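Report on the structure given below.
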Amino acid sequence: MKLNPFEKQIVRHPLRFWLQNHIEAPLLTSMMPKPMACFEQALEIGCGFGNGIHLIREHFGAGHVTAVDIDPEMVAAAKDRWQRSPHGLKDLDFAIADATRLPFADAQFDIVFNFAVFHHIPDWQIAIEEVARVLKPDGFFVVEDLYRAAICNPLSRRLFEHPQQNRFNHREFLAVLRQAGFLIVCERNAFNLAGMVLAQKTLRL
């Protein structure tokens, strides 16, 4: 599900960028095993206006980043932003894509990122299966997301447009990750409103 105009204004606000860069990114990288592995191929699901690309490059050291979003407006805005940056589009690809039908080969990526996107996806369980498919063995899935209590309430319904059925809490999200063949390396739960997870793809028995 695409963001409504109000939420688009929030995610592109400079304060949102600051929070991602200075609060969320250090918390996410602190969950990674040290020394941090070299991630040659990274995928961001739901690239929005492109700030996640900065986090993936600067905080995780990814070599090549593929950024996808289901909303063509978001993809165009992120691509334009990076095209005008000093870095340009080197080692960066964009695509319009549905998280439940990722247009990539099996075992293509070393690491996949979800920066508060899966609560927008009606069939989020299928999206997790797709992440497992496109990740290389031992690859990492980095997650920060909002849970049922944060989006299925009167205030959230008034301001935003989120799916209201088939939502998840922290425990349920972890259970589906494990079912898809992930090992939970680290997890943090903020009052079942939001959480962070580092999961690693394992070989299924």
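Everything numeric in this text was worked out from a predicted model, so none of it was measured.
Taking a 6.0 Å sphere around NZ of Lys90, one finds it holds 12 or fewer heavy atoms contributed by other residues, nucleotides or ligands.
Classification of the Trp82-His87 ring pair by plane angle, with boundaries at 30° and 60°, yields perpendicular. In this pair, Phe141 and Phe173 present their aromatic rings tilted. The plane angle is within the 30 to 60° band.
At least one side-chain heavy atom of Val134 sits under 4.5 Å from a side-chain heavy atom of Leu43. A 4.5 Å side-chain heavy-atom check between Leu135 and Phe182 finds at least one atom pair inside the cut-off. Put simply, the side chain of Val185 does not reach to within 4.5 Å of the side chain of Met32, judged on heavy atoms. Residues Leu174 and Arg171 fail the side-chain proximity criterion, which asks for heavy atoms closer than 4.5 Å. Residues Phe118 and Ile45 meet the side-chain proximity criterion, which asks for heavy atoms closer than 4.5 Å. For the pair Val75 and Asp71, the minimum side-chain heavy-atom distance is 4.5 Å or more. Between Phe17 and Leu55 the shortest side-chain heavy-atom distance does not fall below 4.5 Å. When side chains are defined from C-beta on, Leu177 counts as touching Ile128, because their heavy atoms get closer than 4.5 Å.
Here CG of Leu198 is found 9.5 Å from OG of Ser30. Values are rounded to the nearest 0.5 Å. Of the inter-residue distances, the one linking Gln20 atom CD with Leu28 atom CG reads 9.5 Å to the nearest 0.5 angstrom. Atoms CZ and OG1, on Arg178 and Thr202 in that order, are 11.0 Å from each other to the nearest 0.5 Å. A distance of 7.0 Å separates CD1 of Ile151 from CG of Leu146, quoted to the nearest 0.5 Å. Atom-to-atom distance recorded for Asn189:CG and Leu193:CG is 8.5 Å, nearest 0.5 angstrom.
Contacts classified as side-chain hydrogen bond (donor to acceptor under 3.5 Å, both in side chains) and involving residues 133-145 (residues at least two apart or in different chains) are given here: Asp106-Arg133, Asp110-Lys136, Asn114-Asp145, His119-Asp145, Glu130-Arg133. Sorted by first and then second residue, the ring pair (Phe, Tyr, Trp, His ring centres under 6.0 Å) pairs with a member in residues 93-112 read Phe104-Phe109; sequence neighbours excluded. For residues 54-65, there are no salt bridge (charged side-chain N to carboxylate O under 4.0 Å, His left out) pairs, not counting sequence neighbours. Pairs engaging residues 28-68 under the ring pair (Phe, Tyr, Trp, His ring centres under 6.0 Å) rule: Phe60-Phe113 [sequence neighbours left out].
Under a hydrophobic clustering in which Ile, Leu, Val, Met, Phe, Trp and Tyr are joined whenever their side-chain heavy atoms come within less than 4.5 Å, directly or via other members, Phe140 and Leu183 fall into different clusters. Cluster annotation: Val142 and Ile53 are assigned to the same hydrophobic cluster (Ile/Leu/Val/Met/Phe/Trp/Tyr, side-chain heavy-atom contacts under 4.5 Å, transitive).
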Applying side chain to side chain contact (heavy atoms under 4.5 Å, CB included) to Ile96 and Val68, what does each step give before you reach the verdict? CA-CA 6 Å; Ile96 301 167; Val68 304; over 6 Å; no
Residues Ile121, Thr100; criterion side chain to side chain contact (heavy atoms under 4.5 Å, CB included); working and verdict: CA-CA 8 Å; Ile121 302 173; Thr100 64; 4.0 Å; yes
Under the side chain to side chain contact (heavy atoms under 4.5 Å, CB included) criterion, do Val117 and Asp69 qualify, and how do the steps go? CA-CA 10 Å; Val117 170; Asp69 202 292; over 6 Å; no
Side chain to side chain contact (heavy atoms under 4.5 Å, CB included) evaluation trace for His170 with Val197: CA-CA 9 Å; His170 189 72; Val197 182; 4.1 Å; yes
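Residues satisfying the side-chain contact (heavy atoms from CB on, under 4.5 Å) criterion with Asp80, sequence neighbours excluded, are Arg84. Every residue two or more places apart in sequence or in another chain that forms a side-chain hydrogen bond (donor to acceptor under 3.5 Å, both in side chains) with Gln164 is listed here: Arg157. Residues passing the side-chain hydrogen bond (donor to acceptor under 3.5 Å, both in side chains) test with Gln200: none are found, sequence neighbours excluded. Judged as a side-chain contact (heavy atoms from CB on, under 4.5 Å), and not counting sequence neighbours, the contacts of Ala62 are Ala42, Ile56, Val65. Glu73 is linked by a salt bridge (charged side-chain N to carboxylate O under 4.0 Å, His left out) to Lys8, counting only residues two or more places apart in sequence or in another chain. Residues passing the side-chain contact (heavy atoms from CB on, under 4.5 Å) test with Leu27, sequence neighbours excluded: Ile23, Arg188, Met196. Residues passing the side-chain contact (heavy atoms from CB on, under 4.5 Å) test with Gln83, sequence neighbours excluded: Leu89.
Residues Lys201 and Ala132 share a closest heavy-atom pair of NZ-O, 2.7 Å. Here the shortest heavy-atom pairing between Gly48 and Ala78 reads O-CB, 3.6 Å. Listed here is the closest heavy atom pair of Asn21 and Ala25: O-CB, 3.8 Å. Between Ala199 and Ile184 the shortest heavy-atom distance is CB-CD1, 4.2 Å. The two residues Gly50 and Arg81 come nearest to each other via the heavy atoms C-NH1, 3.3 Å.
Judged by distance alone, with hydrogens and angles left aside, the side-chain atoms of Arg167 form a donor-acceptor pair with the main-chain N or O of Pro122 at under 3.5 Å.
For the pair Arg148 and Glu172, the salt-bridge criterion is met [side-chain N within less than 4.0 Å of a carboxylate O].
Here Ile126 is tied to no hydrophobic group at all, with no ILVMFWY side chain closer than 4.5 Å.
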